[in-house]
Amino acid sequence: MTAHHDAVVVGAGIVGAACAEALSRSGMSVLVLDASFAGSGTTAAGMGHLVVMDDSPAQLALTAYSGRLWAALAPELPRNVEHEACGTLWVAEDDEQLEAVRAKQSVYADSGVATEILSPAQLAEAEPHLRPGLAGALLVRGDAVIYPPNGARALLQRAITNGASVREGVRVNAIGAREVIAGNERISCDCVINAAGALAPELTPGIPIVPRKGHLVITDRYPGFCRHQLVELGYLTSAHTMTTESVAFNVQPRATGQMLIGSSRELVGWDGSINRSIVRRMLDRALDFMPGLALASAIRTWTGFRPTTPDKLPLIGSWDEMPGLWIAAGHEGLGITTSVGTGQLLADLITGRAPAIDPAPFAPSRVLAGVGEH
Amino acid sequence: MMAPLAGTDATLIVADVAVIGAGPAGIAAATRAAESGLRVVVLDRGLETGGQIWRHMSGGPVPRMAQRWIAQLSRSGAQVIHGTSVVDVQHEDAEFEILADSSGSALRVRAGRIILATGARELFIPFDGWTLPGVMGIGGAQALLKSGASFAGKRVIVAGSGPLMLPVAASLANSGAKLILVAEQARRSAVMRFAAGLWRAPALVVQAARYRARFLSTSYSTGTWVTAAHGADRLESVTVTNGRRTWREAVDVLCTGYGLVPNIELARLLGCDTRDAVIVVDAQQRTTVANVLAVGEATGIGGEPLSLIEGEIAGSVVSPRARISDALLRKRAALEIAARRMLDAFALRQELRSLPTGGTIVCRCEDVSYGAVKDAVCARQAKLYTRVGMGPCQGRTCMPGLDFLLAWQPDTVRPPIEPALVSVLSSELADDAAASILFNSSVGEAYQ
Ligand SMILES: Cc1cc2nc3c(=O)[nH]c(=O)nc-3n(C[C@H](O)[C@H](O)[C@H](O)COP(=O)(O)OP(=O)(O)OC[C@H]3O[C@@H](n4cnc5c(N)ncnc54)[C@H](O)[C@@H]3O)c2cc1C
Ligand SMILES: Cc1cc2nc3c(=O)[nH]c(=O)nc-3n(C[C@H](O)[C@H](O)[C@H](O)COP(=O)(O)OP(=O)(O)OC[C@H]3O[C@@H](n4cnc5c(N)ncnc54)[C@H](O)[C@@H]3O)c2cc1C
């Protein structure tokens with residue numbers, strides 16, 4: 001008979017780790033279980049861009065909130081989390097996109113996110129390796145990057161300091177009413193948090209999360225070649241539209257001087273193999289914006305699976321079909337960013353505190369009500 | 001970085017057989033296949049034909065046998081392309097498409113058959129001080145000698161394992177180095193038994209005897225190994241032990257290496273079965289993937305004569321008439337016995353598993369210490385948490401040593417299997433890309 005816990009978190013990805021941190025900070029006794037090891041799932045594949053995004057008002061609210069939480073955490077993070085406050089440049093190719101940049105600026109301002117618009121000359125000075133002739137960019141100074149697996153471990157370590165325990169290599173077979181079944185063990189608890197990422201539907205049938213594959217390429221070290229996380233303005237369209245295949249220009253400078261080149265989206269189930277033609281298209285897109293990358297040496301490629309919901313918003317809240325069950329999954333391409341906001345929101349909901357942002361758009365019940373893609 | 005190259009179109013070569021690696025095994029395979037009329041292309045990263053041994057052969061001209069093979073290869077009609085790293089290979093239906101970084105340009109090769117002759121690289125086991133200037137690989141020392149570096153007057157220790165130490169020690173002695181010690185970790189009894197069995201492979205005896213003669217004045221100590229290297233900014237001394245006694249030797253240079261690790265990344269990318277980190281092949285040198293053959297050290301460490309014979313067999317297997325002489329098969333069998341004896345004789349001792357201390361750097365690219373990785377549950381966890389093996393060399397140097405120390409299974413293989421320019425990975429064939437004319441028509445016709 002295993003001891004009773006206030007909460008059992010299933011999944012030690014960055015989302016589960018953040019939930020464990022927030023719950024344990026609220027004084028709950030927390031047990032975290034992971035089938036493999038902490039940060040080994042999608043978190044291991046993520047780019048680690050902590051970014052405010054405005055695909056929807058709810059996304060903006062959660063990412064901006066999470067951005068503030070990360071900024072507060074930053075000074076306390078261990079070095080191996082590689083937190084770098086490099087900011088984001090949303091690059092506009094033409095005047096039409098520059099209009100969109102201006103609109104974005106006012107939307108961000110309404111959420112209290114400070115931005116600056118860079119002229120073509122300022123952009124060229126900020127990022128000399130971007131191709132000439134771009135229309136400008138929106139600089140979001142508050143955005144940052146981290147190294148996700150160690151981000152998850154750092155959050156987990158904080159949870160442990162708060163008294164949580166973590167068991168790795170323990171696969172949960174089923175979640176029951178106020179209990180978790182792992183092998184021949186039944187672990188009783190007041191609440192279970194399904195934070196199994198893209199695998200969450202295996203434990204809670206009926207939640208509409210599908211894996212959305214992404215590729216990344218990492219280069220050798222070229223310190224200073226790229227200084228901000230660079231994203232094309234068209235990225236949001238690529239992320240939002242559930243086409244079978246899309247690529248967008250997305251380049252990230254790492255603390256090591258390496259560059260991460262993304263990004264792609266594909267709906268191909270769980271096939272993790274490298275799709276050469278997608279890599280080619282992704283690199284072509286990057287070369288279109290940064291021609292000098294052609295002579296960078298690419299040392300490694302990999303893929304990962306974004307846990308994706310029909311409306312691209314995570315599921316955060318109670319799952320009324322099962323007593324005591326809460327969901328924290330489906331963070332698509334933003335889970336590194338939104339992990340900390342998710343943890344805090346969930347802990348507030350569980351402990352009955354007033355959350356800092358409106359939880360309604362994230363309520364898992366919306367998918368039961370049949371809210372589709374908008 | 002320089003200005004980008006204009007255009008990202010790849011060159012295309014179409015061949016019947018693509019041989020990857022121009023060491024003895026690849027040379028023999030390509031020669032026999034091309035002699036039968038097939039269109040053969042050989043790709044090698046190096047700037048010269050000959051692989052690890054002939055390219056790096058030090059102290060004197062290329063041996064006569066190498067010259068003979070290289071001449072045969074060039075007469076055979078096979079096309080050798082140097083400075084070309086194969087970074088990816090895919091297969092569709094009955095055809096393979098290879099992607100290579102060819103001196104910075106993209107090269108794509110389509111072929112119906114592939115012969116993997118990718119050889120082996122040195123095994124390094126990390127110990128305190130191994131990253132000090134003055135400590136180098138045994139193969140690295142050989143390459144330096146070849147490029148004309150002088151070791152004259154330097155106090156040198158060669159320590160590690162395997163027959164490779166002998167020729168390098170001989171060359172070092174030849175070049176005027178003060179050879180202090182050749183330390184072989186294997187037990188004396190095992191080495192003696194191996195040497196006694198050498199009559200089965202007379203060429204090896206002659207070779208070994210010749211090497212031995214050159215540094216007779218130096219002590220060749222079996223059951224002896226180096227546990228640490230010391231020095232402020234560069235190597236000053238090493239700690240040596242034979243298990244009973246431990247002592248210091250003042251040195252300028254330490255050449256070290258614990259044998260060879262087969263290069264099996266391409267085979268794994270193709271889906272070929274491997275066992276004990278060696279490509280699995282049948283009696284015809286065929287791998288478990290149709291139309292992919294493998295030869296030489298990549299199929300098991302066995303030395304140059306065995307590599308040559310395996311190459312000849314594979315080259316014959318792919319040729320239209322596909323006849324393999326019994327004599328070749330008999331020779332291969334005998335050499336395989338010798339190879340197995342060698343592996344047994346130079347098996348690494350348990351004590352070497354405790355060479356590194358917690359503070360020993362294991363990954364030079366990412367500056368990761370042994371203490372940071374030794375408790376990881378698998379290679380993937382260690383990589384993710386500490387970045388070990390994630391630098392520019394992608395673990396080629398450190399991972400085999402860590403696999404030995406910690407009994408890790410190698411992590412997955414993904415393209416590119418070695419660093420490639422972004423322009424190469426993003427390259428495409430121009431719409432009108434025609435197969436470049438590399439083969440004259442008479443050779444093409446002979447293949448009908
Ligand atoms: C290519 C790519 C780039 C990305 N870039 C960014 C970015 O720049 N910024 C950003 O914010 N986000 C990014 N993301 C998204 C981000 O990586 C994910 O949203 C996030 O990692 C999801 O975390 P998670 O904890 O929900 O899932 P996971 O990390 O997958 O964690 C789930 C955990 O649950 C465990 N588990 C599953 N089933 C069970 C079971 N039955 N029993 C026990 N344990 C179980 C797994 O072992 C795993 O460790 C990117 C994603 C990809 C693929
Ligand atoms: C560092 C070193 C030094 C050696 N010195 C000696 C010695 O002095 N005396 C001795 O008897 N034996 C020596 N050997 C052993 C000897 O090399 C082998 O016994 C024999 O040469 C093996 O022949 P091979 O054709 O299988 O491999 P190799 O000779 O290793 O040839 C393999 C070739 O494949 C190429 N290659 C591999 N992967 C790729 C790729 N992805 N793309 C393009 N090209 C690729 C390599 O550049 C290399 O040229 C040495 C081995 C090594 C590793």
Side-chain angles (χ1 to χ4, degrees), chain A residues 36-41 43-45 80 82 129 131 147-150 152-153 168-169 215-222 224-226 251 254-259 261 272-277 279-288 290-303, chain B residues 1-8 10 85 87-92 97 99 101 104-106 108 269 271 365-368 372 375-387 389-396 411-429:
Chain A
S36 180
F37 55 86
S40 62
T43 299
N80 69 4
E82 297 176 30
H129 291 284
R131 73 159 196 259
Y147 179 59
N150 286 343
R153 291 171 71 208
E168 298 175 303
H215 286 78
L216 290 177
V217 173
I218 192 152
T219 70
D220 201 344
R221 300 178 179 199
Y222 304 97
F225 189 85
C226 164
V251 168
R254 306 283 329 163
T256 52
Q258 292 173 286
M259 284 172 284
I261 308 175
S273 63
I274 300 291
N275 176 341
R276 276 83 166 182
S277 80
V279 169
R280 268 206 296 274
R281 281 180 54 197
M282 197 172 90
L283 293 177
D284 268 347
R285 194 74 192 144
L287 290 174
D288 192 23
M290 278 195 124
L293 275 179
L295 289 185
S297 179
I299 63 173
R300 190 179 180 84
T301 55
W302 67 88
T303 60
Chain B
M1 249 181 285
M2 298 172 290
L5 300 168
T8 52
S85 289
V87 297
D88 192 9
V89 54
Q90 283 177 276
H91 50 134
E92 246 168 62
E97 185 171 312
L99 173 64
D101 186 328
S105 301
R108 291 179 186 268
L269 189 65
C365 299
E366 297 289 329
D367 206 24
V368 180
D375 298 322
V377 296
C378 60
R380 180 164 180 265
Q381 187 187 47
K383 284 172 143 184
L384 280 173
Y385 285 6
T386 70
R387 312 180 78 95
M390 301 263 254
C393 97
Q394 284 293 293
R396 264 176 293 277
D411 203 2
T412 51
V413 178
R414 276 182 300 249
I417 59 154
E418 42 191 274
L421 292 185
V422 166
S423 61
V424 168
L425 289 184
S426 67
S427 71
E428 269 176 290
L429 294 174

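Because the structure is predicted, anything quoted here is derived from the model rather than measured.
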Among the listed options A:V217, A:T303, A:T301, the residue most often paired with chain B at heavy-atom distances under 4.5 Å: A:T301

Close side-chain approach of A:I274 to B:D88, heavy-atom, < 4.5 Å: no

Side-chain heavy-atom pair B:L384, A:F37 within 4.5 angstrom cut-off: yes

pair B:L425-A:R280: side-chain heavy atoms closer than 4.5 Å: no

Stepwise side chain to side chain contact (heavy atoms under 4.5 Å, CB included) test for B:T386 and A:N80: CA-CA 8 Å; B:T386 70; A:N80 69 4; over 6 Å; no

Interatomic distance, A:E82 atom CD to B:R387 atom CZ [nearest 0.5 angstrom]: 4.5 Å

Pairs of heavy atoms under 4.5 Å with chain A: top-ranked of B:T412, B:V422, B:L99: B:V422

Run the side-chain donor-acceptor check on residues 375-382 of chain B: report pairs under 3.5 Å with partners two or more places apart or on a different chain.
residue: B:R380; atom: NH1; partner: A:S40; partner atom: O; Å: 3.3
residue: B:R380; atom: NH2; partner: A:S40; partner atom: O; Å: 2.8
residue: B:Q381; atom: OE1; partner: B:V377; partner atom: N; Å: 2.8

Test salt bridge (charged side-chain N to carboxylate O under 4.0 Å, His left out) applied to B:E366 and A:R254, step by step: CA-CA 13 Å; B:E366 297 289 329; A:R254 306 283 329 163; over 6 Å; no

Heavy-atom pair of closest approach, residues A:D284 and B:E428: OD2-OE1, 3.9 Å

B:P419 side chain near A:D220 side chain, heavy-atom distance below 4.5 Å: no

Leading residue by heavy atom contact count with chain A [cutoff under 4.5 Å; candidates B:P415, B:G391, B:P416]: B:P415

Atom group of A:A38 that falls short of 4.5 Å from chain B, counting heavy atoms: both

For chain A, the option from B:E418, B:M390, B:Q90 that forms the most heavy-atom pairs under 4.5 Å: B:Q90

Pairwise side-chain contact, A:L295 with B:L421, heavy-atom cut-off 4.5 Å (strictly under): yes

By side-chain contact (heavy atoms from CB on, under 4.5 Å) - contacts of A:A45 (at least two apart): A:W302

A:L287 CG to B:S426 OG distance, which is reported to the nearest 0.5 Å: 4.5 Å

Nearest-0.5 Å distance that lies between atom CD1 in B:I417 and atom CZ in A:R300: 13.0 Å

Chain B contact via A:R281 - which portion, at a heavy-atom distance below 4.5 Å: neither

